[in-house]
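Structure first, then comments.
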Amino acid sequence: MKRSARFLALMLVFALFTAALAGCAAESDDDATEDTTEATTVDTFTYAQGADPRGLDPALVDDGESSKIIVNIYEGLLKYNEDSTEVEPCLAESWEISDDGLSYTFELKEGVKFHDGTDFNAEAVKFNIDRQLPPLVTEDMGYAGFVFGSVKDVEVVDDYTVKINLTAPNTAFLANLAMSMAAPIVSPTALEAGNNSVMEAPVGTGPYTFVEWNKGENVVLVRNEDYWGEPAKTKNVIFRFIADNSARVLALNNGEVDMIDGIDATVVDQVAEGGDELFEAAGMNVNYMAYNTTTSMFASKEARTAFSQAIDREELVASLYQGYSEVAETILPSFVPGFDDTVKQVSYDEAAAKAGLAAAGITKVHMIAYTNPRPYNAATGVALATAIQGYLQKVGVECTIDTYDWTTYKEKVKGGDYDIAFYGWIGDNGDPDNFLNLLSDPDPSMNIARWQDPTYIAGIKSALELPNGAERDAAYGDLEKYAAEQAIWLPISHAKTLAAYRPQVSGFNYHVTGNVFLKNVVVEAE
Amino acid sequence: MLKYVIKRVLMVLPVMIGVSIIVFSLMRVFSPDPAPIVLGQHANEESMQAWREANGLNDPVVTQYFAYISGALKGDLGTSYYTKSAVTDEIFARFPATIELAVAAIVFASIIGIGLGVMAAVKKNSIFDAAGSLFALVGVSIPIFWLGILFIMFFSGFLHWFPSGGRIDVLLKPAEVTGFYMIDALIAGDGEAFSNALNHLILPALALGMYSMAIITRMTRSSMLETLGQDYIRTARAKGITETKVIAKHALRPSLIPVTTVIGLQFGSLLGGALLTESVFSWPGIGKFTVDCILKSDFPVVQGIVLLVAVIFVTINLVADLAYAYLDPRIKYSSKKER
């Protein structure tokens, strides 16, 4: 026994050493062949994100990590413009909306095939929407209600024409169809084979085909050689999952990965030191403070305005977010249709604030805040609340802040026991209604200002029904102005999205929705 | 022997029942409601209620527990709330990575630990002894995650000897047979994949094994010292047997008895405690996954993993006990002399 154990131990040590040496040798061999055969570009692009996708069935997930992979495998009837959230044709070549706004007829692109070789056609569209409508919809389809909630039924007119009937006019429906959740079209054959789920075996029509998912490690995609458009430029795309921020930066600086996301201001210097490039994208979100308009304290516009005047948002945003958030003058981010740069929030005026607060008799304010960082507020709600507490102290108002973890916080918001609360919104479909209807929502966990203004509610309802275009955009601009004038929220900031990439990388489209389209990505050989 | 084994195996039952009750209750008492986490930004009261109903969370806890246990006995640990995959699939997709890392770590810890321990004992009070003890002290004291980060910064970030994380360059991944990449690479006869997997394994295994290595060093040293003080060692030396032979043949084997138990226990805790190492090295094992699932209130997955780790821990203890009995002939398997 002893001898064999010793022998085994020796063999293991020997194996470890020889293999380690072999490893070094093999690696240098690799580099040599790459240099000679691949003169200009590398055939693999590796993207590192913080976590595994929840899954790869667009109807069954709701997270950004899934979304980034999904948009490279699937396509929807419509897509967003590269730089904004305006919608453009994709699998649908054109569409017509009936005069009453209740029927949308789409002409589909012909000759498109799913990765499994089956045809994309009107039946496939119907199948995908039907699975997310009653009676087939299941309780875990998080976006089915949002995207297809207004759909009455789907008719197959002919092989390449599909008609979607709505229960009420809803122009935002078009923006919904460009989303990366619920809307992408999945191969019906694959869904049938997978028992109504393609979480781990996605089949779409996109520029990349799914190869494998090593849980906790990576997802591998390969170029779809039969793509209906121009094929992707890089053959292999690998999404790697590296949880730790600085480890992700190190992997980038080491050249183990080509691009990373989910980083924050603390590692920006490290990225620069490694000779890598930083990418700042505007984010589709808003970080705001809301007055509880049902309290006697903040029922009046004057009291809300006076409180808002005490806060210097320029200074606040600069110090809290270190340049990685922009001051929000509007609720809508600048790239969303309906954005109006003439909207102005209550501006900073310490003297006016003091007078106004004294006139309203406000001396003590009860705030609630969340302790977790959020995508729209990396500094946490508590940090934001504390900063605002400081401004109010200067004008003689004492703020008490109750703090809760995010899950408990949401319960407290629902409870409504606060004068002021903090929240944010991550846009879903890039339609202005998605942001601005928060202020008209009857559900107090959405509309935390608990504002129910008939003028505003009527305005939201009619704007939703207007066709896309200047008139609709102007309607939302007016609604923003009205809300700003009433000082219901104090929008604080729009958080930017930070990513970093190696200088050899070009051609990616980091979209404002947070998705990364990799069809045109190219990695030059070093 | 058989009776002893059967008795030990039966003792596993109450442990498992206890573990399952504890983890089941803990998750339900202390974890936040999974419904809003699973349903996300658009969750409303109605959809959350429907989801809870569909996942049996509206039933009394006792009913839920028995439903869970009856499933578990049939090998069905349920479905992850979050990813909707079978819990067993989720676990076994990651478990080989954890075992591979733990085995590598324990091999490293045992070889170095026993070596250092023997050296320290034989050259007692010499510079070797002091160095060994210092090394062991440092190994016990350094937090693993910190050591891991240091390793990455130095060996990967500065020297570029090893990759900073992951298990293998995915395009080299061998065809999956066992799920252990190094073994799969050997089966496929792919030297490049083998060395690539090994390269990825070395840093995390060193970091993870450091603590166990220190414990094993200390244990070997004290056990060896005790043995070397025995009369029969003096007799052996008096008979003129060479010192090497005395140490290797007469002293080492009995000294390894307590060390074996320690190695067994350490291996168990490596499986459960690889969490930090896995996080630091982006090692796709079960440790990091467990924490993610706890944070997401993914009850079925957490329960499944805890049960599995408990089974393994108990089994390892059993094996260690049996190995102990084998190494020490004085231990009989009869119930009379059982400890």
Side-chain angles (χ1 to χ4, degrees), chain A residues 1-2 6 9 12-13 15-16 19-27 29-30 44 51-52 54-55 57 60 62-63 138-140 142-143 145-146 197 199-200 212 214-218 220 236 238 240-244 246-248 250-251 253-254 256 405 407-408 410 425-426 428 443 445-446, chain B residues 32-33 36-44 47 50-51 53-54 81-85 90 93-94 97 107-108 110-111 149 152-153 156-157 160-161 163-168 170-171 173 182 191-192 194-196 198-199 202 248-249 252-253 279-285 288-289 292 326-327:
Chain A
M1 145 84 196
K2 188 190 72 193
R6 188 206 269 165
L12 272 169
V13 173
L16 281 169
L21 289 173
C24 301
E27 269 192 2
D29 277 359
D30 263 4
T44 303
D52 278 69
R54 181 171 174 176
D57 186 331
L60 294 171
D62 65 349
D63 58 315
T138 57
E139 69 291 325
D140 46 16
Y143 269 92
F146 179 84
S197 159
M199 287 293 261
E200 292 177 29
E212 62 175 336
N214 298 295
K215 294 260 173 111
E217 212 173 350
N218 49 46
V220 184
N236 305 299
I238 298 166
R240 262 186 72 179
F241 318 126
I242 303 178
D244 185 65
S246 33
R248 229 176 301 131
L250 185 79
N253 287 351
N254 263 359
E256 292 169 48
D405 68 88
T407 316
T408 319
K410 289 206 284 189
W425 185 253
I426 306 160
D428 295 294
D443 179 354
S445 57
M446 290 288 167
Chain B
D33 180 5
I37 302 173
V38 172
L39 297 177
Q41 188 166 257
H42 292 277
N44 56 37
S47 65
W51 183 85
E53 189 63 41
Y81 292 159
Y82 198 69
T83 67
K84 301 173 184 81
S85 317
E90 290 285 351
R94 294 170 172 85
V107 166
F108 149 73
S110 306
I111 293 172
I149 291 169
I152 293 178
M153 281 167 60
S156 175
H160 301 292
W161 283 3
S164 64
R167 266 181 96 189
I168 195 166
V170 67
L171 298 179
K173 202 185 102 174
M182 287 175 56
E192 194 183 356
F194 181 82
S195 62
N196 187 280
L198 184 67
N199 247 333
I202 288 174
K249 199 164 180 182
L252 189 57
R253 179 170 163 172
S279 295
V280 170
F281 289 95
S282 311
W283 191 261
K288 192 168 100 35
F289 181 59
D292 291 346
Y326 173 79
L327 283 171

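Given the structure is predicted, the values throughout are model-derived calculations rather than measurements. Computed over heavy atoms, backbone and side chain alike; hydrogens, waters and symmetry mates excluded. Naming: A, B, ... by sequence-line order, numbering from 1 per chain.
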Taking every non-hydrogen pair under 4.5 Å, which of D292(B), V170(B), V280(B), I37(B) racks up the most with chain A? V170(B)
Please look at Y143(A) and chain B and tell me whether the side chain, the backbone, both or neither of the residue comes under 4.5 angstrom of a heavy atom of that chain.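 Looking at Y143(A), just its side chain touches chain B.
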Please state whether the side chain, the backbone, both or neither of D405(A) comes within less than 4.5 Å of a heavy atom of chain B. neither
Pairs of heavy atoms under 4.5 Å with chain B: top-ranked of [options]:
options	value
E139(A), M446(A), E217(A)	E217(A)
D52(A), D140(A), V220(A)	D140(A)
T44(A), N253(A), L60(A), D57(A)	L60(A)
D428(A), N254(A), N214(A), I242(A)	N254(A)

Can you say whether [X] sits under 4.5 Å from chain A via the side chain, the backbone, both, or neither, judging by heavy atoms?
X	value
F289(B)	neither
Y81(B)	backbone
S110(B)	neither
R94(B)	side chain

About how many Å separate [atom2] of [Y] and [atom1] of [X], when rounded to the nearest 0.5 Å?
X	Y	atom1	atom2	value
L250(A)	S282(B)	CG	OG	10.0 Å
E90(B)	Y82(B)	CD	OH	12.0 Å
K215(A)	S85(B)	NZ	OG	4.0 Å

Just to verify, what does D62(A) make a side-chain hydrogen bond (donor to acceptor under 3.5 Å, both in side chains) with, not counting sequence neighbours? R54(A)
With side chain to side chain contact (heavy atoms under 4.5 Å, CB included) as the criterion, how do I238(A) and L171(B) come out once you've worked through the C-alpha distance, each side chain's angles and the decisive distance to 0.1 Å? CA-CA 9 Å; I238(A) 298 166; L171(B) 298 179; 4.0 Å; yes
The criterion is side chain to side chain contact (heavy atoms under 4.5 Å, CB included); which residues satisfy it with D33(B), sequence neighbours excluded?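 So D33(B) forms a side chain to side chain contact (heavy atoms under 4.5 Å, CB included) with A35(B), P36(B), R52(B).
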